[in-house]
Amino acid sequence: LEPPKLERKLSDSLNQNEWSPLDNALQSVIKIFCVSATPNFYVPWQIHPQRSSSSSGFVIEGRRIICNAHGITNHVYIRVRKHGDATKYRAKLLATGHDCDLALLTVDDENFWRGLKPLQFGKIPALQASVIVIGYPKGGDCISVTKGVVSRVVIATYSHSNQVLLCVQIDAAINSGNSGGPALQGDKVVGVAFQGMNKAQNIGYIIPATVVQQFIHDVDRNGSFSGIPCVGLKTQILENESLRKSLKIPNDNEGILVIAIEPLAPCAKVLKVNDVIRKIDGVPVAGDGTIFFRRGERLSHVHLITSKSRGDSVRFEIMREGKTMEMEVQLGDPEKLALVPVNLYDTLPSYFVYAGLVFTVLSRPYLRAWGSSWSKKAPSPLIEKAFYGVKEKEGQEIVILSQVLAAPVNTSYERVCYLTVLSVNETKVHNLKHMVELVEKAEEEEGQQFIKFKLERDKVLVVESKLAKEDSAKILKQNQITHSKSADLRGEEALSPRESVSPPKQQRKRKGKKGEEERSSKDSKVQDS
């Protein structure tokens, strides 16, 4: 007897013209293999051992692959593989937007692009709309397709950058490795999978197409991503009637109160504390800080700011002492306004070792040496500065004594650490580079026998400059430190982590399929996928 003939499905067709939209999309989804080397901010002259990870991406116009930034951060090299192909191709990075957790790659090999069609972007999906998420999550090596519906559209924190941006919550399974895969509605990309919620079921997040397109347009216009802007002020909701009356504003549930302004922010020249912002670019702001988004949905007013580019202007309608006025405010760079840097991706830390005293710049990556619960475990003075510190002068940094490498020149100083350096020989320290200049200048001065470091909590450390010079080389050699200063302080071009050599140090890894370590966020209950 002849075996029964099976009717061939469209997905089995060899003719691409007969493929369904899903079939075409599958061909454009790419698996990304990354080897990365992360800087050690606590021991800043070292690099952590290299690690391997995998994530997803997809092809867009211009022979480019879009993916998540957290999937290729601190990369040493990147390779990509097409669906159904066994060959891995070398890829190179074109642009990174850590703020919005997106990156662009390309491949020089012509063979890679054969048969690939770029995916097109759609609009932000409606609530309860069905979406399909495609990617390469853990649990297997092949492509995976999951389906879900849109639960809500919100302004939420991106765990990779701590930026508050527009995102879409869906109930489709988004697991580690799904990062960078497209979320489809029909044949259009409506978002990019990027994170899930720890200890929660069926809660995943996608970066909406509007944010992805904003990133791409910014790169096309500037050659690189300029970043998400900010106004540089803090606001308070105005739902209390007594508070509204005291500010002489109408009781119409409109407006938010300005309670603090960053000294270096462009808006500091025009806005004042106790101003009431009633409209942004003509859009009314409700007393709870929300704006109209679409029928039945409201978003935080922050969306009107973050949907612009750095250097753009925004128009405020405010009330000041009962009078209505309009003013234009230029948007600023949050990185220049932050006293303690939130992220230092693809950057090596600055440091200075003098007489065994290790000085560095306070940053959140440094605080992460205390683990994912650093906000509870790190020294409280450093935590307070990280959350509430205000930059008052351009270039200002918090220089801290991170640790002491024991030697005769620093006897009894071993337990003095994690304190801010206030001055060197009574001269106030502005930043790490300035502190290095003060120390080197003091060493060159005749008759300057001692160098005095004044720290927080009234601590004073005094180093005899002659002994420091004699012990310096020995201390560096004992601790396998090549230079007493980081490359940026030596006046050299700072290497990226991928250009530095990792020490032959072993590190225990949490492994997935075929030994590929999966990336995850260490700072948030929301986890990169």
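Tyr418 and Tyr42 have tilted rings, their planes meeting at an angle from 30° to 60° on a 0 to 90° scale. Ring-plane geometry between Phe194 and Tyr158 is classed as tilted, the angle between the planes lying from 30 to 60 degrees on a 0 to 90 degree scale.
A salt bridge is defined here as a Lys NZ or Arg NE, NH1 or NH2 lying under 4.0 Å from an Asp or Glu carboxylate O, and Lys433 with Asp488 fails to meet this definition. A salt bridge does not link Glu321 to Lys248: none of the charged side-chain nitrogens sits closer than 4.0 Å to a carboxylate oxygen. Remark: Arg244 does not engage Glu241 in a salt bridge, criterion side-chain N to carboxylate O under 4.0 Å. Salt bridge annotation for Asp99-Arg310: present, with a cationic side-chain nitrogen under 4.0 angstrom from a carboxylate oxygen. Residues Arg278 and Asp252 are paired through a salt bridge, judged by an N-O separation under 4.0 Å between the basic side chain and the carboxylate. A salt bridge links Lys385 to Glu456: at least one charged side-chain nitrogen sits closer than 4.0 Å to a carboxylate oxygen.
Taking the six-membered ring for Trp and the full ring otherwise, the centers of Phe41 and Trp374 sit at least 6.0 Å from each other. Aromatic rings from His160 and Tyr345 are positioned such that their centres are separated by under 6.0 Å. Residues Tyr89 and Trp113 keep their aromatic ring centres 6.0 Å or farther apart.
For Ser161 (side chain) and Gln163 (main-chain N/O), a donor-acceptor pair under 3.5 Å exists by modelled atom type. Distance alone, capped at 3.5 Å, places no donor-acceptor pair between the His303 side chain and the Leu299 backbone.
Of the N and O atoms on the side chains of Gln330 and Ser313, not one donor lies less than 3.5 Å from an acceptor on the other residue. Side chain to side chain, Thr38 and Arg51 fail the donor-acceptor criterion of an N or O pair below 3.5 Å.
Of the inter-residue distances, the one linking His70 atom NE2 with His98 atom NE2 reads 12.0 Å to the nearest 0.5 angstrom.
Screening Val211, Asp218, Val219 for a side-chain contact (heavy atoms from CB on, under 4.5 Å) involving Phe215 leaves a single residue, Val219.
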